[in-house]
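Whatever order the structure lists ligands and atoms in, that order sets their numbers, starting from 1. The structure displayed is predicted, hence computed values, not measured ones.
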Amino acid sequence: MARGAMPLRITGERVEALDQTALPAAVRYFEFDSVETVAEAIAMRVRGAPLLGLVGAFGMAIAARTAGPDAATLHSAAARLRAARPTAVDLGRAVDQSLQAALALPEHERADALWLRACDYLACRRAEDLALARRGLELLPRAARVLTHCNTGPLATGGIGTALAIVTLGHERGLIAHCFTTETRPLLQGARLTTWELQTAGVPTTLLPDTAAAGLVTSGQVDIVIVGADRIAANGDTANKIGTFGLALAAVRARLPFVIAAPTSTIDFACPDGAAIPIEFRPADEVGGYGGQRWAPDGIAAYNPAFDVTPADLVTAIVTERGTARPPYGASLQRLLEGG
Ligand code: MRU
C-alpha cells in the first residue's frame, strides 16, 4: 500500500482517520473531533480489531479534552465507544483500561495522560505487529501459496498488520510464492483493502469470490490458510470475519494448516469458549446491495452476522507477538500470557 496511507494520521494533537469505506477509489481523511465522531467511525469507516483498540484509546483522550475529564463524562464516553462494535475485544479492553488509568489520576492530569497513553498504544501496536509477523514466518512452508480472508494489513492495526504482515514480510524475505484473497462479502474488505495493500507491497495476488474458496483450498493450489481474529476465547475458539469457519473446514479437509494470527490483546479469558463471544449482526441492507446500488428486492430479510466462530479443534496454531500456541489451547494460551 502507499506507505503514507496509514489508517490514523496524528499531527500535534489532531487525529485524523482514513475513511476505509472510500478505498481504494479515494484516499480521504476525516478528523476525530468528538467522542461521537469516533464512535460513528467505528461502525465501519475505521475497522479491524487491533485498530479499534487504538481508536478506542484515542477516543478516550478526545473525550477528556473535548467533553471534560470528570468521572461521569469519561464513564459515558467509555460506554458509547465500547458499544460501537461488540465482537472485537480490543476495543472494550482498551477503552476500559484508559478509563481506569484516567480515574486513578487527579482530573487536571487526565486529558494529557490519556493522550500519552494512546500514543504509547500506537507505538506498542507497531512493535507487536512486527514481532508477530516474524514469528509467523516460522510457520510458512517454502514458496508458500497463502490464502487469507478479510483485511488484516496495516489498515486493520495501525502497525504492519497481523496475518497479512506475515505475507508481506514473507514476500520481502522471498518466502511467499502467491497470496489468494477472498473478496469478503458483504463489505468487501478483501476485494477493496487487502488487494490494495498486497498490490502496493508487490505481492503476486489473486482475488476470488468467497464462494470459490473451498474449491480452491481443496484443489492443491494453496499451502496454508492464515487469517486474523477479533476475539479468541480461553479454549482457542476464535471469532473472525464471517466466512472464516468455512475456510477452516476446507483447510482441515485438505489437510492444510489453518493458522490464526492475532496479538495477545485479542485473547479473552473471560470467554470460556466461542459460545460466550458476542457476535455483531449488521443491517440487512448490506447484503441486499453495495455502494448505493441495490440488487435485492425491497423488504427482503437478510441474515448478516459480521463474524463467525471457528472451533479450536480446526485451528492448527495461533501465532501472537509472544509466541505460537498449539492445541490444547486452554493451556498454551495461558502459558503465552504468563510469558512462559
Ligand atoms: O468487520 P471488520 O472489517 O472490522 O472485520 C475485520 C476482521 O474480521 C479481521 O480479520 C480481524 O479484525 C483481524 S484485523 C487484524
Ligand 1 to Ala49 polar contact by distance, N or O atoms, under 3.5 Å: yes
Should the pair His178 and Phe180 be assigned to parallel (<30°), tilted (30 to 60°) or perpendicular (>60°) ring geometry? tilted
Less than 4.0 Å between a side-chain N and a carboxylate O, is that true for Glu321 and Arg135? no
Considering only protein heavy atoms, which is closest to atom 10 (O) of ligand 1, and at what distance to one decimal place? Asn240 OD1, 2.7 Å
Can you list the ligand 1 atoms lying under 4.0 Å from a non-hydrogen atom of Lys241? 1 (O), 2 (P), 5 (O), 8 (O)
Check if Arg85 has a non-hydrogen atom at a distance under 4.0 Å from any atom of ligand 1. yes
Decide whether the shortest distance between a heavy atom of Ala306 and an atom of ligand 1 is less than 4.0 Å. no
Pair Arg335 + Glu338: basic N to acidic O under 4.0 Å: no
List the closest protein heavy-atom neighbour of atom 15 (C) of ligand 1: residue, atom name, distance to the nearest 0.1 Å. Thr162 OG1, 3.1 Å
Is Arg282 salt-bridged to Glu280, cutoff N-O under 4.0 Å? yes
At less than 4.0 angstrom from any non-hydrogen atom of Phe307, what atoms of ligand 1 do you find? 1 (O), 5 (O), 8 (O)
At the 4.0 Å heavy-atom cut-off, does Ala229 count as touching ligand 1? yes
Of all residues at least two apart in sequence or in a different chain, which pass the side-chain contact (heavy atoms from CB on, under 4.5 Å) check with Ala94? Tyr121
Aromatic ring centroids of Trp115 and Phe58 under 6.0 Å? yes
Of all protein heavy atoms, the one nearest atom 7 (C) of ligand 1 is Asp230 OD1, 3.3 Å
Which of the ligand 1 atoms, numbered from 1, are nearer than 4.0 Å to a heavy atom of Gln189: 1 (O), 2 (P), 3 (O)
At less than 4.0 angstrom from any non-hydrogen atom of Ala156, what atoms of ligand 1 do you find? 14 (S), 15 (C)
Hey, is His149 one of the residues with a heavy atom under 4.0 angstrom from ligand 1? no
For atom 3 (O) of ligand 1, what's the nearest protein heavy atom and its distance? Arg47 NE, 2.5 Å
Ion pair check, Arg65 and Glu13, cut-off under 4.0 Å: yes
Quick one, Asp210 with Arg185, criterion salt bridge (Lys or Arg N to Asp or Glu O under 4.0 Å). Give me CA distance, side-chain angles, the key distance, then yes/no. CA-CA 7 Å; Asp210 300 337; Arg185 276 200 37 82; 5.8 Å; no
Euclidean distance, Thr37 OG1 relative to Ile62 CD1, rounded to 0.5 Å: 6.5 Å
